[in-house]
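Counting from 1, the numbers follow the sequence of the chain as shown.
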Amino acid sequence: MATRSLWGARTKLALSATALIGGGAAANVATSDDPAMTLKLYTTVPPRLIRDAMTATAIAFDYEYSLWGLPEGSSEREKTKHEVHLRSARKLQELCFSNGGIYIKLGQHLGQLEYLVPQEYVQTMRDSMLNKCPVSSYEQVCEVVKKELGDTPDKIFAEFDPVPIASASLAQVHVARNHDGKKVAVKVQHTHMTDTAAADCATVHFIVNTLHWIFPSFDYRWLIDEMRESLPKELDFINEAQNSEKCLENFQKLSPHIAAYVYAPKVYWNLSTSKLLTMEFMDGAEVNDVKTIKRLGIRPDEVARLVSETFAEMMFKHGFVHCDPHAANLLVRPLPYSGKSILGKKKPQLILLDHGLYKELDFETRTNYAKLWKGSESDRSELQMYASQYFSQISELLRRLPRVILLMLKTNDCLRSVSNALLQVPSLETFMIIGRVSSEAVIEAKLSQKRSFLSWLSAWLDKILLEARLFTMQVALWLLQGRKSLSWRN
């Protein structure tokens, strides 16, 4: 009986989706100001909507049917749940690749939510979504360049390589030279993003809401809300260019002690629009490429420290945070115009790419977030256990949680992954750096406020005590590292 009703629900969802599209298609094409574009939407969106409906209901059906009658907490249920997670993650992966566009972005986002979704989904998406993004043809690239800049790439640029050096979910990057002979990177938005982004958002929203209506325990509406807020910003390359310049200004004004060690490519504003961005070309090693970093004469542990301090300064002092710091968006090169250190190594400079997604944090949010970043592997395992047991309650909580906190959790996971790749093990020093910067920011904010002399004195003493504690911890860490080094040599 249960199986029959679930199958009926699946059929109902698919038929509803088909009727929704088919009913108004002809009328909308006939009355549209741009009939050609409207017709294009109606030939591309319905297949995606039907794939969405069939995949979503197949996943829900698999969970309901496979787990039916298995006692909560039993080993048999846990084994079956693991198998369903894997099957469902692969179905979702196939859907993302079939539809492309924002679906790839959705898959990438799921792959970074370690605390919030089952590990089977995280691993499946992480292993595939970052390295298998769609590529637009050169003809499509020419179409975008001509529409945005008024002529074809060979006329706008002195040189333009038709083969992209990188492709992401929303755009791809080509190497070119401008007419001044400068080597540049040209980021061109995929044409299908322009054509179907809004329709895809509406489609995914419809499917997720309908799925929640049929199966109330499956509630991912919070994730769609977050994507609907962030996607328009990521699709606007003028916004990305402005973010990159603001980021560097913040380091120069608020963090001058490391401003020289953080860089973002120069923007060529005369060759940039909302769908095409021309930037200074950057050479460097990806931040997790330890072998190349060493070959450049840079110590990986210094890179790890720089990454931690850079993002801690953004989070707790600037309140303006790059929220997509995965390895492909962080490059490392030797600090220009600097010699070697006493040990014969070069100082690193961190190059930040892809500035499309930033979040602004007010003082209260920064203070509260300072309490959230602390956590061990056992803490993460416990959170994942609770996420599995109390899925519906957590889903409702996430719907109410500020989107900025979700993005900070995702950013924290990206940074932990980078640090582990550089150091091969979790680092106590990374936590010390973030702890120092977050505590300094809170204390400095207190000192800047107009208060009584006693309140000011209390904050000043807090600052002195913090420096003393950090100095003691640093000495202990040096001694511990020295002991490990000696035991390794012996």
Side-chain angles (χ1 to χ4, degrees), residues 100 104 108 130-194 234-245 247-248 262-289 291-293 295-296 298 322 324-336 348-357:
I104 299 285
Q108 291 175 346
L130 286 176
N131 301 318
K132 296 180 181 177
C133 291
V135 177
S136 294
S137 68
Y138 182 58
E139 288 73 22
Q140 291 172 317
V141 170
C142 289
E143 180 185 332
V144 175
V145 174
K146 187 170 184 177
K147 184 176 180 181
E148 297 300 310
L149 299 179
D151 215 330
T152 55
D154 59 305
K155 301 287 175 48
I156 298 294
F157 299 95
E159 298 176 20
F160 190 93
D161 190 341
V163 180
I165 58 167
S167 183
S169 56
L170 307 183
Q172 61 192 48
V173 179
H174 293 257
V175 178
R177 286 191 186 275
N178 64 15
H179 288 290
D180 292 332
K182 298 287 180 62
K183 191 176 183 180
V184 296
V186 185
K187 184 175 180 179
V188 183
Q189 196 169 116
H190 294 308
T191 54
H192 63 264
M193 291 305 306
T194 306
E234 293 185 83
L235 287 171
D236 181 0
F237 291 171
I238 294 297
N239 172 68
E240 177 176 345
Q242 291 169 340
N243 286 345
S244 70
E245 293 192 343
C247 172
L248 289 188
V262 181
Y263 191 74
K266 172 188 172 183
V267 176
Y268 290 85
W269 286 99
N270 62 320
L271 295 172
S272 298
T273 71
S274 62
K275 294 179 176 60
L276 186 147
L277 179 58
T278 304
M279 304 162 285
E280 173 186 7
F281 183 86
M282 306 305 305
D283 274 315
E286 286 194 5
V287 74
N288 62 352
D289 187 353
K291 185 180 294 185
T292 303
I293 288 172
R295 193 164 61 241
L296 291 172
I298 300 171
H322 186 305
D324 200 11
H326 60 73
N329 288 339
L330 304 177
L331 299 182
V332 181
R333 69 177 180 181
L335 182 66
Q349 185 181 61
L350 183 66
I351 301 168
L352 303 176
L353 305 178
D354 196 350
H355 298 262
L357 186 57

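Ring-plane geometry between F160 and H174 is classed as parallel, the angle between the planes falling under 30 degrees on a 0 to 90 degree scale with a further cut at 60.
A distance of 7.0 Å separates CD in E234 from OG in S169, rounded to the nearest 0.5 Å. In this structure, CD1 on I165 lies 10.5 Å from CD on Q172, to the nearest 0.5 angstrom. With values rounded to the nearest 0.5 angstrom, H355 atom NE2 is found 13.0 Å from Q242 atom CD. Atom NE2 of H179 is separated from atom NZ of K155 by 10.0 Å, given to the nearest 0.5 angstrom. Annotation: the span from Y138 atom OH to T152 atom OG1 amounts to 6.5 Å, rounded to 0.5 Å. Considering NZ of K182 and CZ of F281, their distance stands at 15.0 Å, rounded to 0.5 Å.
Side-chain N or O atoms of Q189 include one that pairs as donor or acceptor with a backbone N or O of L235 at under 3.5 Å. Put simply, the side chain of H322 never gets that close to the backbone of N243: no donor and acceptor are under 3.5 Å apart. In this structure, the side chain of S272 engages the main chain of T278 through a donor-acceptor pair within 3.5 Å. Remark: side-chain polar atoms of N329 are paired, donor with acceptor, to backbone N or O of D324 under 3.5 angstrom.
Counting heavy atoms from C-beta outward, L330 and L352 have side chains that approach closer than 4.5 Å. A heavy-atom distance below 4.5 Å is not found between the side chains of D283 and R333. For the pair L331 and E286, the minimum side-chain heavy-atom distance is below 4.5 Å.
By the salt bridge (charged side-chain N to carboxylate O under 4.0 Å, His left out) test, D289 pairs with no residue at all, sequence neighbours left out. Applying the side-chain hydrogen bond (donor to acceptor under 3.5 Å, both in side chains) criterion to Y268, with sequence neighbours excluded, gives no partner residue. Applying the side-chain contact (heavy atoms from CB on, under 4.5 Å) criterion to T273, with sequence neighbours excluded, gives E148, L149, K275, L276.
The two residues L277 and A241 come nearest to each other via the heavy atoms CD1-CB, 3.9 Å.
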